[in-house]
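Structure first, then comments.
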Amino acid sequence: MAIPKDPIMLLSYINTQLRDFYPSVEELCSALDLDKQDLENKILEAGCQYDPSVNQFR
């Protein structure tokens with residue numbers, strides 16, 4: 001399955017995945033074969049950064 005391209009839709013999708021399935025962004029990226037830096041840069045376009053204390057992009 002392809003992940004959303006739109007930064008806001010991507011943010012929502014990734015946070016849902018983190019909440020429901022993955023204990024960290026590193027594990028999510030590994031499981032979904034994503035480049036962590038590319039993912040973080042794309043979500044940064046929506047004005048959010050990863051917060052490991054809550055395992056979400058905020």
Checklist entry - Under the ring pair (Phe, Tyr, Trp, His ring centres under 6.0 Å) test, which residues partner Tyr22, sequence neighbours left out? => result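 Ring pair (Phe, Tyr, Trp, His ring centres under 6.0 Å) check on Tyr22 returns nothing, list empty.
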Checklist entry - With Glu45, which residues qualify under salt bridge (charged side-chain N to carboxylate O under 4.0 Å, His left out), at least two apart? => result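 Partners of Glu45 by the salt bridge (charged side-chain N to carboxylate O under 4.0 Å, His left out) criterion, ordered by chain and then number, come out as Lys42.
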Item to check | Cluster check Leu44, Leu39: I/L/V/M/F/W/Y, side chain < 4.5 angstrom | outcome: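 No, it is not one cluster - the side chains of Leu44 and Leu39 are not joined through contacts under 4.5 Å.
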In Å, rounded to the nearest 0.5 Å, how long is the span from [atom1] of [X] to [atom2] of [Y]?
| X | Y | atom1 | atom2 | result |
| --- | --- | --- | --- | --- |
| Ile14 | Leu28 | CD1 | CG | 5.0 Å |
| Leu34 | Glu26 | CG | CD | 12.5 Å |
| Leu11 | Ile43 | CG | CD1 | 5.5 Å |

Over all atoms of both residues, closest heavy-atom pair of [X] and [Y]:
| X | Y | result |
| --- | --- | --- |
| Ile8 | Ala46 | CD1-CB, 3.6 Å |
| Met9 | Asp6 | N-OD2, 3.1 Å |
| Cys29 | Lys36 | SG-CA, 3.6 Å |

Checklist entry - Are the side chain of Thr16 and the backbone N or O of Ser12 linked by a donor-acceptor pair below 3.5 Å? => result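 It does hold such a pair.
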Checklist entry - Does a side-chain heavy-atom distance below 4.5 Å link Arg19 with Gln56? => result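 Side chain of Arg19 against side chain of Gln56, heavy atoms only: contact under 4.5 Å found.
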Checklist entry - Taking only residues at least two apart or on different chains, which pairs with a member in residues 34-58 satisfy ring pair (Phe, Tyr, Trp, His ring centres under 6.0 Å)? => result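 Counting only pairs at least two positions apart or across chains, the ring pair (Phe, Tyr, Trp, His ring centres under 6.0 Å) contacts touching residues 34-58 are Tyr50-Phe57.
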